[in-house]
Number of protein chains: 2
Amino acid sequence: MRLTSFTDFGLRALMRMASDPHRAFSTAELADEFALSRNHLTKIMQRLAEGGFVTTRRGSGGGATLAPSPESISLGDVVRLLEAGQPLVECFATRENSCNITGRCRLKARLRSAEAAFLADLDRSTLADIALPISQMPQPATPVPA
Amino acid sequence: MRLTSFTDFGLRALMRMASDPHRAFSTAELADEFALSRNHLTKIMQRLAEGGFVTTRRGSGGGATLAPSPESISLGDVVRLLEAGQPLVECFATRENSCNITGRCRLKARLRSAEAAFLADLDRSTLADIALPISQMPQPATPVPA
DNA sequence: ACGTAATAAGTATTTACAATACCACTTATC
DNA sequence: GATAAGTGGTATTGTAAATACTTATTACGT
C-alpha cells in the first residue's frame with residue numbers, strides 16, 4: 001500500500017506552505033528543502049494549481065501561494081487529487097482489465113470500502129492541523145556572501 | 001494509492017481457494033486462470049505459505065490448500081502480510097529517509113491513522129465473505145483427450 | 001517391493017516496463 | 001535584466017513478469 005511520490009511531496013509542500021498561508025513560495029526554495037530537482041517539483045505544483053489548492057505567479061516576487069485557507073483544505077481532498085488515476089488494484093483501472101470475473105467478484109466492493117475509509121479518516125484533518133511553523137524548520141544552508 | 005500486484009493476485013488466489021477449502025490447487029491451474037506465469041504465482045504462494053494462510057505440497061496430487069478455515073482469515077490480515085515492507089510514503093520506510101523534519105512532522109501520524117482505518121475496514125470481512133464458487137468461474141479450456 | 005515417469009513446487013536469472021527524477025531550454029512577469 | 005514558472009525530452013531506478021532450470025513427491029507398471 002503506497003502513495004505516489006507526487007502525493008508525498010505535494011503534501012509536504014502544502015504542509016510547509018500552510019505555515020505562512022499568504023506568502024509565495026518559489027519552487028526553487030521548496031525543492032531545495034526537499035533535496036529535489038526544481039523542475040520535478042514544478043510538475044507537482046502544477047497539479048496542485050490545477051486542483052485549485054495553490055495559485056502560481058511567474059516572475060520576480062512570484063511563486064506558489066495557498067489558494068484557500070489551510071482550514072478549508074482537508075488532507076483527503078489533497079490525496080484524492082494527487083492520487084487520481086492511481087487504481088488501488090488493477091481491476092479498478094480500466095474496463096479492459098485482465099480480471100475475468102468482474103461483476104461476480106465480491107472482493108472489489110470490500111476494497112472500495114476500505115479505500116473510502118482511508119480517505120474518510122484523512123478528511124478529519126486539514127492543512128491547518130499539520131502546518132509546520134517556519135521556526136521549526138531545519139536551518140537552511142547559510143548563503144555564502146560573495 | 002496502490003496495492004502491489006502481489007497483494008492483488010494473492011487475494012484473488014485465496015478468494016478462489018476459499019470456494020473449496022480442502023482442495024489442493026496447483027499453481028499451474030491458478031496461473032492459467034489469471035493468465036499469469038506459473039513461476040510468478042509460485043512466489044506469491046510462497047509468501048502466503050510463509051504467512052500461514054496456505055500449506056503447499058509437492059508432487060502429484062499436491063498443490064496449495066487453505067490452512068485455516070476461510071472464516072478465520074480476515075482480508076486485513078492478508079493485506080498486512082503481503083504489503084509488509086511496503087511503506088505508504090517514503091518516510092515510513094527506514095530511519096535513514098530523506099525527510100529532514102521527522103519528529104516534528106504532524107502529517108505522519110495522520111497517514112498512519114488513515115492506513116489503520118483502511119486495514120480495520122478490511123478486517124470486517126473474511127475470505128468466507130468473498131469466496132468465489134467454482135460454478136461461477138469462467139469455463140476452463142476443455143482438455144482435449146488424446 | 002522397486003524403479004521409473006509424471007506431476008508439481010521451488011530457485012535463479014534475465015527481461016520489460018513504468019514511475020521517478022534530472023537536465024536543458026522556453027516563456028512570462030516584475 | 002533578473003527572477004521564477006512552465007515544457008519537452010532523456011536517463012535512471014525499481015517493480016513486475018517471464019524463461020529456464022532444479023528438486024521433491026506421488027502414482028503406476030513390472
Side-chain angles (χ1 to χ4, degrees), chain A residues 1-10 12-13 17 23-50 53-65 67 82-87 89-91 93-94 97-98 143 146, chain B residues 1-10 12-13 17 23-50 53-65 67 82-90 93-94 97-98 143 146:
Chain A
M1 182 173 176
R2 185 147 222 191
L3 300 179
T4 63
S5 77
F6 255 61
T7 304
D8 191 359
F9 286 121
R12 288 197 219 177
M17 291 178 15
R23 170 161 164 240
F25 291 78
S26 76
T27 53
E29 176 185 357
L30 292 172
D32 193 53
E33 273 177 16
F34 302 152
L36 193 67
S37 102
R38 187 190 68 78
N39 305 63
H40 194 54
L41 185 62
T42 295
K43 282 163 192 166
I44 297 168
M45 283 304 192
Q46 267 171 277
R47 291 272 292 272
L48 290 175
E50 285 165 23
F53 293 123
V54 304
T55 52
T56 59
R57 227 182 64 232
R58 294 184 175 189
S60 184
T65 314
L82 294 174
E83 293 283 315
Q86 195 65 221
V89 287
E90 191 220 359
C91 68
T94 54
N97 68 69
S98 77
Chain B
M1 184 173 176
R2 184 147 221 192
L3 299 179
T4 64
S5 76
F6 254 61
T7 304
D8 191 0
F9 286 121
R12 289 198 219 177
M17 293 181 2
R23 165 145 137 16
F25 291 78
S26 77
T27 52
E29 175 186 356
L30 292 173
D32 194 54
E33 273 176 17
F34 302 152
L36 192 67
S37 102
R38 187 190 67 77
N39 304 64
H40 194 57
L41 185 61
T42 295
K43 283 163 195 161
I44 296 167
M45 283 304 191
Q46 266 171 279
R47 290 272 291 274
L48 289 175
E50 284 165 23
F53 293 124
V54 304
T55 52
T56 58
R57 228 183 65 228
R58 293 185 174 188
S60 183
T65 313
L82 294 174
E83 293 283 315
Q86 194 67 218
L88 185 63
V89 287
E90 191 219 0
T94 54
N97 68 68
S98 78

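Note that the structure is predicted; figures quoted are calculated from it, not measured. Convention: sequence-line order gives letters A, B, ...; per-chain numbering from 1.
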Undergrad: Could you run down the sub-3.5 Å N/O contacts of the protein with nucleotides 25-30 of chain D?
TA:
none

Undergrad: With sequence neighbours left out, what residues match A:Gln86 under side-chain contact (heavy atoms from CB on, under 4.5 Å)?
TA: A:Thr4, A:Glu83, B:Arg2
Undergrad: Is any side-chain nitrogen or oxygen of A:Thr56 closer than 4.0 Å to OP1 or OP2 of D:dG6?
TA: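 Looking at the OP1 and OP2 atoms of D:dG6, one of them is under 4.0 Å from a side-chain N or O of A:Thr56.
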Undergrad: Between atom CG of B:Leu41 and atom CD of B:Gln46, what is the distance when rounded to the nearest 0.5 Å?
TA: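 That separation rounds to 10.5 Å.
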Undergrad: What protein N or O atoms touch nucleotides 20-23 of chain C N or O atoms at under 3.5 angstrom, if any, and at what distances?
TA:
residue, atom, partner, partner atom, Å
C:dT20, OP1, A:Ser5, N, 3.3
C:dA21, OP2, A:Ser5, OG, 2.8
C:dA21, OP2, A:His40, NE2, 3.4
C:dC22, OP2, A:Ser37, N, 2.6
C:dC22, OP2, A:Ser37, OG, 3.4
C:dC22, N4, A:Lys43, NZ, 3.1
C:dC23, N4, A:Asn39, ND2, 3.4

Undergrad: Apply side-chain contact (heavy atoms from CB on, under 4.5 Å) to A:Ala24 and list each qualifying residue two or more places apart in sequence or on a separate chain.
TA: A:Thr65
Undergrad: Looking across every strand, which nucleic acid part, if any, lies under 4.0 Å from A:Ser26 by heavy atom: base, sugar-phosphate, or nothing?
TA: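 Answer is sugar-phosphate: A:Ser26 comes under 4.0 Å of backbone atoms only.
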Undergrad: Which pairs of donor and acceptor atoms, one on a side chain in residues 56-64 of chain A, lie under 3.5 Å apart (sequence neighbours left out)?
TA:
none

Undergrad: Just wondering, do B:Asp32 and B:Glu29 contact through their side chains at under 4.5 Å, heavy atoms?
TA: no
Undergrad: Report yes if at least one side-chain N or O of A:Thr27 is closer than 4.0 Å to OP1 or OP2 of D:dA5; otherwise report no.
TA: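 True: A:Thr27 side-chain N/O within range (under 4.0 Å) of D:dA5 OP1/OP2.
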Undergrad: Any side-chain heavy-atom pair from B:Asp8 and B:Leu3 closer than 4.5 angstrom?
TA: no
Undergrad: Who passes ring-ring contact (aromatic ring centres under 6.0 Å, His included) against B:Phe6, sequence neighbours left out?
TA: B:His40
Undergrad: C:dT11 C1' sits how many Å from B:Glu50 CD, rounded?
TA: 13 Å
Undergrad: Which part of the nucleic acid does B:Thr42 contact within heavy-atom distance under 4.0 Å: base, sugar-phosphate only, or nothing?
TA: base
Undergrad: Passes side-chain contact (heavy atoms from CB on, under 4.5 Å), B:Leu30 versus B:Leu36? Steps please.
TA: CA-CA 8 Å; B:Leu30 292 173; B:Leu36 192 67; over 6 Å; no
